[in-house]
Visitor: 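Below is a structure I'd like to ask you about.
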Amino acid sequence: MPYEISPSPVAPSAGSRLWTAGASGGVAVAVLVLAAALDHGSAPLLLAGAVVAGLATWLINRRPARSMAVATAETPLPAAETVDDEKALLNAAFEAVADPILIIGGGEADDIAGRRVLMANAAAREVLRLQPRGGLLLSAMRDPSVLEAVDEALYGGMTRVTDYTPGGARDRRWRAFSRPLPVGGETQAMALLVLRDETDARRMEMMRVDFLANASHELRTPLASLSGFIETLKGHARHDDAAREKFLDIMSAQAERMGRLVADLLSLSRIELNEHIPPSGRVDLARAAADVVDAVALLARERGVEMRLAGESAGVTVVGDRDEIIQVIQNLVDNAVKYSPPGAVVELTIQRDLTEDVLAADRPDGFSRLPLVTPDREGQASYAAVTVRDHGPGMARETLPRLTERFYRIEGQKSGPKEGTGLGLAIVKHIVNRHLGGLAVASAPGQGTAFTAWFPMVRAADATDASPPTT
């Protein structure tokens, strides 16, 4: 249920002016709020305006029982049953609106900390993590542009539309609509603030731009190489069998690389599109790691690399999408095998019931450690982690911050006969971020590298109600 506005602690005469405006004041509120919705051409805002207008009309026409003015014959109050039904209906509609809606009350014009959330629907309380009885607006939202827009609505009578980015590991984009709500009379200024989630639209646009930019840049070299070899084969090498076989092998490798590049770009774009939506499935992390070890066994034998799986063997249940978690482990293992010399060992270790403090201190002796993805803190969350350790050439500390950049490669390091696309760790980063987990790297030149990815474990309270983990 939303909060009810309580009369401000002012003189009785001022409170009486606020609460006895009558039906005409309610109609004026409805017209103003609905006009704001129509100006923006937004169906969600129109519904929000209608709900808030109805609530404002009801609040103006009927004071709380403990401070109600005596009704007159000219302004009769509705029957109790009708009012209660109307209030319940309006409350239900207000709570059901998917967009966060807030009514902000202001104190002194120069007192920014005095802006209070007088009413907030369920969506607003969830997004802004408001307390059950509201609270200070500054504690819930610290974006200067939104706070400025609210002040302009409260004290300048201006309508504003601005962007709101709350920050954090999960990139969310909102459009904030603010409009004055003159129901406070002379006692208190009020404003309506509606947030609309535009994350999907922004991600779609960025995905299109990034895909075109990355594809045009990275595909230019292999396409130029293919064009050159085709021209050579059509020219003086037309009848040179040895040259033709050599050029065809190179062309085949370039075509395979383009195929891998396009597949990775599409996979990365698909993951980024849903990055702000956490998965809700259950996955056994130990079994997923065992499946990856079995899948890369042939590649490891060809490279002369031994695979070892240690730690927990089963029952490590995390919240996530099985295919994406397997892709994380697969990408980390592929890199470890590629950069390991023949005869080396790649170690996978599964751990459970870890906290962020324990994970932050976990690194081999002599290694430099750097967090690449840090989850938003949620109390004492418990995580399960998979660590992939190789004994390859290792990396200098100054190269670690750029590892998850697209197409970044460390100069001078060879990854084997099949060159990677440079997108593997970028994919890992976005998958881990979507799962509300973390990613860290520890490395030292000449000693190898260890990547650790961790995911939130299923809470004990949810384990009995959820379906069995996928295998």
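As the structure is a computational prediction, the values presented were derived from the model and not from experiment.
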Visitor: To the nearest 0.5 Å, what is the distance between CD on Gln447 and CG on Asp390?
Guide: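 Interatomic distance, Gln447 CD to Asp390 CG, rounded to 0.5 Å: 11.5 Å.
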
Visitor: Please list every donor-acceptor pair under 3.5 Å in which a side-chain atom of residues 326-337 meets a protein atom from a residue at least two apart or in another chain.
Guide:
| unit_1 | atom_1 | unit_2 | atom_2 | d |
| --- | --- | --- | --- | --- |
| Gln327 | NE2 | Ser267 | OG | 3.2 |
| Gln330 | NE2 | Asp334 | OD1 | 3.4 |
| Asn331 | ND2 | Gly424 | O | 3.2 |

Visitor: Evaluate the side chain to side chain contact (heavy atoms under 4.5 Å, CB included) criterion for residues Leu136 and Arg116: first the C-alpha distance (whole Å), next the side-chain angles of each, then the deciding distance (0.1 Å), finally the verdict.
Guide: CA-CA 4 Å; Leu136 295 177; Arg116 302 194 69 86; 3.2 Å; yes

Visitor: Determine whether Asp143 and Pro166 make a side-chain contact, defined as any pair of heavy atoms from C-beta on separated by less than 4.5 Å.
Guide: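 Side chain of Asp143 against side chain of Pro166, heavy atoms only: no contact under 4.5 Å found.
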
Visitor: Check the pair Tyr408, Leu425 against side chain to side chain contact (heavy atoms under 4.5 Å, CB included), reporting the backbone distance first and the verdict last.
Guide: CA-CA 9 Å; Tyr408 176 72; Leu425 290 178; over 6 Å; no

Visitor: Taking only residues two or more places apart in sequence, or in another chain, which ones meet Arg308 in a salt bridge (Lys or Arg N to Asp or Glu O under 4.0 Å)?
Guide: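 Arg308 satisfies salt bridge (Lys or Arg N to Asp or Glu O under 4.0 Å) with Glu306 only.
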
Visitor: How about Leu372 and Val428: do any of their side-chain heavy atoms sit closer than 4.5 Å?
Guide: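 Side-chain contact under 4.5 Å: no.
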
Visitor: Mind checking whether Val194 and Arg196 have side chains closer than 4.5 Å, heavy atoms only?
Guide: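 No; the side chains remain at least 4.5 Å from each other.
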
Visitor: Quick one: list whatever passes salt bridge (Lys or Arg N to Asp or Glu O under 4.0 Å) with Glu347, sequence neighbours left out.
Guide: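 Partners of Glu347 by the salt bridge (Lys or Arg N to Asp or Glu O under 4.0 Å) criterion come out as none, since no residue qualifies.
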
Visitor: Where the side chain of Asn121 meets the backbone of Ile101, is there a donor-acceptor pair that is under 3.5 Å apart?
Guide: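 Here the side-chain-to-backbone pair exists.
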
Visitor: With respect to Trp174, which candidate in Thr165, Asp99, Val146, Val127 satisfies the side chain to side chain contact (heavy atoms under 4.5 Å, CB included) definition?
Guide: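 That would be Val127; it is the only one of Thr165, Asp99, Val146, Val127 passing the side chain to side chain contact (heavy atoms under 4.5 Å, CB included) with Trp174.
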
Visitor: Within the side chain of Arg434, is there an N or O that forms a donor-acceptor pair under 3.5 Å with the backbone of Ile277?
Guide: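 Pair found, side chain donor or acceptor close to backbone of Ile277.
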
Visitor: Rounded to the nearest 0.5 Å, what separation is found between the CD atom of Glu86 and the CG atom of Asn91?
Guide: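 With rounding to 0.5 Å, CD (Glu86) is 10.5 Å from CG (Asn91).
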
Visitor: Should Thr317 and Val283 count as side-chain neighbours, where that means a heavy-atom distance under 4.5 Å?
Guide: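 Thr317 vs Val283: side chains apart.
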
Visitor: State the CD1-CD distance between Ile427 and Glu324, to the nearest 0.5 angstrom.
Guide: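 Those atoms lie 10.5 Å apart.
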
Visitor: Should Arg115 and Leu154 count as side-chain neighbours, where that means a heavy-atom distance under 4.5 Å?
Guide: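 Contact flag for Arg115/Leu154 side chains = yes.
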
Visitor: What residues, two or more places apart in sequence or in another chain, satisfy salt bridge (Lys or Arg N to Asp or Glu O under 4.0 Å) together with Asp163?
Guide: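 Listed in chain order: Arg175, Arg202.
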
Visitor: How close do Pro279 and Val319 get, counting heavy atoms only, and between which atoms?
Guide: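 Minimum heavy-atom contact is O-CG1, 3.5 Å.
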
Visitor: Do NZ/NE/NH1/NH2 and the carboxylate oxygens of Lys429 and Glu405 come within less than 4.0 Å?
Guide: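 No, this pair does not count.
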
Visitor: Residues in salt bridge (Lys or Arg N to Asp or Glu O under 4.0 Å) with Asp197, at least two apart?
Guide: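 Asp197 satisfies salt bridge (Lys or Arg N to Asp or Glu O under 4.0 Å) with Arg172 only.
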
Visitor: So, the side chain of Arg303 versus the backbone of Lys338: is there a donor-acceptor pair under 3.5 Å, distance only?
Guide: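 Looks like yes, one N/O pair under 3.5 Å.
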
Visitor: Are the side chain of Arg352 and the backbone N or O of Met457 linked by a donor-acceptor pair below 3.5 Å?
Guide: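 Answer holds: no.
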
Visitor: Any chance you could measure Ser178, atom OG, to Asp151, atom CG, to the nearest 0.5 Å?
Guide: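 Ser178 OG to Asp151 CG: 10.0 Å, rounded to 0.5 Å.
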
Visitor: Looking at every non-hydrogen atom in both residues, tell me the closest pair between Ala98 and Ala123 and how far apart they are.
Guide: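 Looking at all heavy atoms of both residues, the closest pair is O-CB, 3.3 Å.
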
Visitor: Knowing that exactly one of Glu398, Arg397, Met395 qualifies, which makes a side chain to side chain contact (heavy atoms under 4.5 Å, CB included) with Ser368?
Guide: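 So, applying the side chain to side chain contact (heavy atoms under 4.5 Å, CB included) to Ser368 and each of Glu398, Arg397, Met395, only Arg397 qualifies.
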
Visitor: Just by modelled atom types, is the Gly448 backbone N or O under 3.5 Å from a matching donor or acceptor in the Ser443 side chain?
Guide: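 Between the backbone of Gly448 and the side chain of Ser443 there is a qualifying donor-acceptor contact (under 3.5 Å).
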
Visitor: Less than 4.5 Å apart, any side-chain heavy atom of Leu403 and any of Phe451?
Guide: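 Yes - at least one pair of side-chain heavy atoms lies under 4.5 Å apart.
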
Visitor: Which residues satisfy the ring-ring contact (aromatic ring centres under 6.0 Å, His included) test with His435, sequence neighbours excluded?
Guide: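 With neighbours one apart ignored, the set is Phe455.
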
Visitor: Rounded to the nearest 0.5 Å, how far does OG1 of Thr404 lie from CG of Leu423?
Guide: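 Answer rounded to 0.5 Å: 11.5 Å.
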
Visitor: Looking only at heavy atoms, which two atoms of Ser340 and His391 are closest? And how far apart?
Guide: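 Taking Ser340 first and His391 second, the nearest heavy atoms are OG-N, 4.4 Å.
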
Visitor: Closest approach of Leu130 and Ala120, non-hydrogen atoms and distance?
Guide: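 So the two residues come closest at CD1-CB, 3.7 Å.
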
Visitor: Testing the basics here: between Met141 and Leu147, what is the closest heavy-atom pair and its distance to 0.1 Å?
Guide: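 So the minimum-distance heavy-atom pair works out to O-CD2, 3.6 Å.
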
Visitor: Begin with the C-alpha distance, continue with both residues' side-chain angles, and end with the deciding distance and a verdict on side chain to side chain contact (heavy atoms under 4.5 Å, CB included) for Ile350 and Leu309.
Guide: CA-CA 8 Å; Ile350 307 297; Leu309 180 59; 4.2 Å; yes

Visitor: Which atom names give the shortest non-hydrogen contact between Ile325 and Gly320, and what distance separates them?
Guide: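 So the two residues come closest at CD1-CA, 4.2 Å.
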
Visitor: Enter the distance from Ile431:CD1 to Glu275:CD here, rounded to the nearest 0.5 Å.
Guide: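 One gets 10.0 Å once the value is rounded to the nearest 0.5 Å.
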
Visitor: Show, in sequence, the C-alpha distance, side-chain angles and deciding distance for Leu226 and Met258, and conclude whether the side chain to side chain contact (heavy atoms under 4.5 Å, CB included) test is met.
Guide: CA-CA 11 Å; Leu226 287 174; Met258 283 195 296; 3.2 Å; yes

